[in-house]
Amino acid sequence: MPTLQVGEIPMHYVEQGTGTPLLLVHGFPLDHSMWEHQIAAFSQTHRVIAPDLRGFGGTPAVPETVMLEQYADDLAHLLDALGMGEPVVFCGLSMGGYIAWQFWNKYASRLARLILCDTRSAADNGETAMGRLRTAEQVEQQGLDGLIETMKKKLFAPQTATEQPEVIARTEQMMRGASREGVAAALRGMAVRADMTSRLSEIRVPTLLLGGALDAITPPQEMQEVAAAIPGARWVEIPNAGHMAPLEQPAAVNRAIAEFLRP
Ligand code: MLT
């Protein structure tokens, strides 16, 4: 997997295909390989770039706190390092969606389209934010096991466990590839992220929102409200999927994305 120096960190990423750039930004605490089905499908028609964010997969961590703006800056710098002048389609899942709002806020002219998967625009409430700070400390002191067990219970539709246990095993493997420092830094950054809900009406790029019908972390109802607040945005609910819709139901997710990207 190639690496490019992005600021102070060597950033791992996958690049495949030619055409309009499609940037795939993973969720927490995962890595680029959560997009394996989308990389395979869309590299036939697009220049797909799927990085590991700092502290995840093959990209080293920076301790303490990583603000979501920082991840967005890293992505802009990665695009610069790749010589990518043209606007990109930015597709982010969950934390990748939180980063998408920041990318839009700071780099709107570099954005052709937005795809937001299983994510929200609201900030954490006080209790959730405190919980994240406690988890960050726990991860630093005791490792990732507790977090992984909690996440495994929340990430998937119930039938994924019975019908596709390999998807859960793959996701666990990804989570084990994250570094303690990277996970703790992301948790602290998410805990203090801005609420973007009041800004949604300012988004002017074509936008698709999609999410699992059984997503327990970012429920469809909440995603529909986000879609309704963005002028002209499309909403697609993915049946039989939880929070990890792109891995749980790749065919339905790819169909929704392909329709949205059709010229
Ligand atoms: C994710 O999938 O990125 C996380 O569930 C985001 C979060 O913890 O809010």
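Starting from 1, each residue takes its place in the sequence as its number. Only heavy atoms go into these numbers, but all of them, side chains included; no hydrogens, no water, no symmetry mates. We count ligands from 1, going down the list as the structure has it; atoms in each ligand are counted the same way.
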request  = Taking atom types as modelled, find out whether R170 and Q173 have a side-chain donor-acceptor pair closer than 3.5 angstrom.
outcome  = yes
inquiry  = Assess whether a salt bridge exists between E140 and R180, defined as any Lys/Arg side-chain N lying under 4.0 Å from an Asp/Glu carboxylate O.
reply    = no
message = Check this for me, if you would: do E259 and R262 make a salt bridge, where the nitrogen-to-carboxylate-oxygen distance has to be below 4.0 angstrom?
response = no
request  = Verify the ring-centre separation between H243 and F156: is it less than 6.0 angstrom?
outcome  = no
note = Distance filter under 4.0 Å, heavy atoms only, around ligand 1 gives G27, F28, S94, M95, Y98, R132, M190, I217, H243
query = Do R132 and E127 sit within salt-bridge range, that is, some charged N less than 4.0 Å from a carboxylate O?
reply = no
inquiry  = Please give me the minimum heavy-atom distance between G242 and E248, naming the atom from each residue.
reply    = N-OE1, 2.7 Å
